[in-house]
There are 2 protein chains.
Amino acid sequence: MDVQRLELLRELAERGSVTAVALATHRTPSAVSQQLKVLEREAGLPLTKRSGRGLVLTDAGRALAASATDIAVALERATAVWDTFRNRATGDVSLVTFPTAGQMLLPGALQDLAGHDGLAVHCTDMDPELSDFPALTSEYDIVLAHSMRGQHTWGGRGLTSVPLMTEPLDVGLPTGHRLAGRVSLGAGDVVGETWIGVPVGYPFGRILHDIELQTGSRARVTQRFADMRLIESFIMAGLGIALVPRYTSSGDQPGRMVLKPLRGLDAERQIVALMRPDRAERLAVRTVVDALRARAAQVQAEHAAAAG
Amino acid sequence: MDVQRLELLRELAERGSVTAVALATHRTPSAVSQQLKVLEREAGLPLTKRSGRGLVLTDAGRALAASATDIAVALERATAVWDTFRNRATGDVSLVTFPTAGQMLLPGALQDLAGHDGLAVHCTDMDPELSDFPALTSEYDIVLAHSMRGQHTWGGRGLTSVPLMTEPLDVGLPTGHRLAGRVSLGAGDVVGETWIGVPVGYPFGRILHDIELQTGSRARVTQRFADMRLIESFIMAGLGIALVPRYTSSGDQPGRMVLKPLRGLDAERQIVALMRPDRAERLAVRTVVDALRARAAQVQAEHAAAAG
DNA sequence: GTGACTATGTAGTCTGGCTTCATGGATGTA
DNA sequence: TACATCCATGAAGCCAGACTACATAGTCAC
């Protein structure tokens with residue numbers, strides 16, 4: 001029962017093909033195939049079976065791959081123990097974010113982490129619509145994902161998810177708007193407005209849908225944009241109103257735009273760090289996640305102070 | 001962070017010397033030393049330091065050895081998973097027992113296990129006085145140990161302990177004895193008798209001591225024997241009375257010996273299976289322990305039925 | 001000091017996982 | 001139907017890394 005081989009099986013379970021595993025582990029497909037064969041001989045019963053030109057795991061294979069994860073977790077926990085002993089989080093940490101969260105959290109978090117010598121954080125961004133968050137965890141140590149309450153629960157696929165912050169979604173209005181004087185808005189106040197929406201399939205979409213459900217009337221959506229800056233520019237130009245995440249947007253722009261909280265609606269999104277459980281144990285990874293969480297708390301505190 | 005190397009470190013933590021580890025793992029001391037050196041280079045700080053002619057672990061070394069145990073546990077749990085998949089507990093299981101428990105549990109348990117092809121149980125016995133039960137766990141998969149309540153708690157050293165049974169300690173009397181008609185006996189009834197004791201240091205000794213404490217008078221111990229058969233023969237010859245474990249002894253011998261329960265005293269011993277946590281995870285080991293536990297329950301049930 | 005014991009360094013062997021190259025099955029396309 | 005393509009896998013050879021055997025150095029008991 002060699003750990004390396006089990007690791008290969010686990011990769012196969014995640015990536016689905018020998019070639020993909022070989023690519024990811026810097027080996028030739030032949031090497032991977034050979035090791036899997038050895039593992040199968042040791043196990044005493046078939047772990048994979050051919051399906052078309054590829055191959056799929058058997059039930060036994062999946063079971064074994066699952067326990068391989070437990071081993072990987074124990075292993076990473078062990079290395080975390082002595083990383084703690086040396087008081088040093090070192091190594092490379094890769095991170096992928098969707099643009100708004102990155103803009104809000106990353107600059108500050110990386111500044112906070114500047115003191116850690118030997119800790120290198122490599123960041124990328126990716127369009128939230130195009131990306132399957134869970135799938136990204138095999139390529140990146142940390143995946144910043146967002147989800148609406150009650151929607152996907154990422155934990156299901158055996159992933160570790162650390163909540164970073166809960167961000168309310170407000171209604172952005174141009175300064176001169178008839179509702180700009182209100183403290184907060186209900187569904188009935190806004191359903192008749194001209195809306196700037198997000199592309200179909202984006203998670204925010206659900207809130208506008210909720211507004212329609214609550215009022216029984218249909219919202220008029222004229223434009224659909226993914227980029228928040230673009231949306232804000234339309235709001236300020238008086239072309240419509242839109243849902244904007246409170247911390248990520250430019251916020252109240254004196255003389256141009258104001259943000260008003262929605263009441264009576266579940267208008268907030270969760271921002272979480274999504275990780276493979278073994279990688280979540282690495283001290284370096286945990287250090288970065290802690291920095292992100294601290295940063296998120298700070299952002300929330302600053303906004304609370306500004307509002308109060 | 002190679003698992004094999006960590007395993008070596010763990011063995012070193014348990015056995016205390018490179019030579020002992022080499023012996024136990026069928027390697028030369030040089031090989032062990034080299035691997036530990038590599039591990040230390042990888043870890044980046046000293047894990048061992050010389051002390052006299054031997055060497056001892058540093059704090060960091062101990063910490064790392066501890067997490068090596070977690071890895072070993074995860075590994076054994078993984079192999080148990082696919083052993084379960086194959087529905088087969090196979091392999092060798094070694095067991096050491098003290099004589100009385102072995103006589104009571106092993107024959108029945110091994111008969112119950114006869115159906116398991118490929119499962120080989122190797123048993124040995126060892127004098128309970130001479131043996132340091134926890135230390136034996138590095139040599140044997142299962143160590144049958146006994147303890148009085150409130151005495152050693154074996155779990156402390158990071159070992160897994162599974163309770164098998166609680167065995168009451170009765171007073172054995174010759175049939176013609178003046179107390180032979182009683183249902184149960186108190187400390188005052190027996191303290192004046194001639195006792196056949198156990199060698200100094202044996203756990204039972206505490207109970208006679210308790211009797212002395214309760215009554216304030218001193219018990220007269222004329223002989224001290226370790227072997228239960230020997231003790232029984234003395235009882236039956238009318239040479240004294242003694243504490244005998246209820247299930248392990250020959251029991252009531254019509255016309256020769258009767259057993260009377262003690263009241264008002266904590267007169268019982270725990271019989272437990274003691275194991276290294278990783279070995280406790282092996283399906284084969286668990287199967288044997290389960291058989292032992294079933295057997296123990298059966299023994300207790302039979303006695304309860306006979307008494308009722 | 002001497003002998004017995006410890007750990008460890010050096011040189012050489014050999015196992016085991018890798019790469020390269022080649023084969024065979026499955027799929028989609030001309 | 002034939003061909004190109006993409007998969008997994010087999011055979012041969014290479015090479016790192018873990019081992020053994022032997023030698024060395026430090027520590028303890030007498």
Side-chain angles (χ1 to χ4, degrees), chain A residues 1-62 64-65 68 71-72 75 135 138, chain B residues 1-62 64-65 68 71-72 75 135 138:
Chain A
M1 284 294 276
D2 182 60
V3 178
Q4 303 251 48
R5 282 195 264 269
L6 280 175
E7 199 60 22
L8 247 41
L9 185 70
R10 189 164 71 100
E11 289 286 347
L12 182 66
E14 276 198 10
R15 301 180 191 270
S17 92
V18 171
T19 336
V21 174
L23 231 50
T25 60
H26 309 291
R27 271 181 266 238
T28 57
S30 180
V32 174
S33 179
Q34 287 173 48
Q35 292 309 305
L36 288 175
K37 177 124 297 191
V38 174
L39 185 63
E40 199 159 291
R41 263 170 35 92
E42 285 178 345
L45 47 82
L47 302 174
T48 62
K49 73 171 188 291
R50 305 207 56 143
S51 146
R53 19 187 182 194
L55 46 71
V56 293
L57 293 188
T58 62
D59 287 347
R62 260 187 301 278
L64 209 52
I71 296 174
L75 239 168
S138 21
Chain B
M1 285 294 276
D2 183 58
V3 179
Q4 304 250 48
R5 282 195 264 269
L6 280 175
E7 199 60 22
L8 249 43
L9 185 70
R10 190 164 70 99
E11 289 286 347
L12 183 64
E14 277 198 11
R15 302 180 189 270
S17 92
V18 172
T19 335
V21 174
L23 229 51
T25 61
H26 309 290
R27 271 181 264 238
T28 57
S30 180
V32 175
S33 179
Q34 287 174 50
Q35 292 307 306
L36 289 175
K37 176 124 295 192
V38 174
L39 185 64
E40 198 158 291
R41 261 171 36 92
E42 284 178 347
L45 48 81
L47 301 174
T48 61
K49 74 170 188 291
R50 306 207 56 144
S51 147
R53 28 186 177 189
L55 47 71
V56 293
L57 293 188
T58 62
D59 288 346
R62 260 187 301 278
L64 209 53
I71 296 174
L75 242 168
S138 18

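When reading the values below, keep in mind they use all heavy atoms of this one structure, side chains included, and skip hydrogens, waters and symmetry mates. We name chains A, B, ... by the order of the sequence lines, and we start the count at 1 in each one. Quantities reported herein were computed from a predicted structural model and do not represent experimental measurements.
Residues passing the side-chain hydrogen bond (donor to acceptor under 3.5 Å, both in side chains) test with Ser17(A): none are found, sequence neighbours excluded. By the side chain to side chain contact (heavy atoms under 4.5 Å, CB included) test, Glu42(A) pairs with Arg5(A), Val38(A), Leu39(A), sequence neighbours left out.
Nucleotide dG17(C) holds its C1' atom 16 Å from the CG atom of Leu6(A), rounded to whole Å. Whole-Å rounding puts the Glu40(B) CD to dG9(C) C1' distance at 15 Å. Atoms CG (Leu39(A)) and P (dG16(C)) sit 16 Å apart, rounded to a whole Å.
The two atoms that bring Ser33(B) and Val18(B) nearest to each other are N-CG1, 4.2 Å, heavy atoms only. When all heavy atoms of Ile71(A) and Leu6(A) are compared, the pair lying nearest together is CD1-CD1, 3.6 Å.
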Using nucleotides 28-30 of chain C, report all nitrogen or oxygen pairs with the protein that are shorter than 3.5 Å.
none

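Across residues 9-16 of chain B, not one residue has a non-hydrogen atom less than 4.0 Å from an atom of DNA chain D.
One distance of note links CG of Leu75(A) with CG of Leu75(B); it measures 8.5 Å at 0.5 Å rounding. Remark: Arg50(A) CZ to Thr48(A) OG1 distance equals 9.0 Å, nearest 0.5 Å. Taken from CD in Glu40(B) to CG in Leu45(B), the straight-line distance is 8.0 Å, to the nearest 0.5 Å.
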For nucleotides 9-20 of chain D, read 5' to 3', which letter fits each nucleotide if B means a protein heavy atom sits under 4.0 Å from the base, S means only the sugar-phosphate is that close, and - means neither?
BBB------SBB
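Using a 4.5 Å heavy-atom threshold, the side chains of Leu9(A) and Leu57(A) count as touching. Between Leu12(A) and Leu8(A) there is no side-chain heavy-atom pair separated by less than 4.5 Å.
Judged as a salt bridge (charged side-chain N to carboxylate O under 4.0 Å, His left out), the pairs with a partner in residues 14-38 of chain A (not counting sequence neighbours) are, in order, Glu11(A)-Arg15(A), Glu14(A)-Arg276(A), Arg15(A)-Glu139(A).
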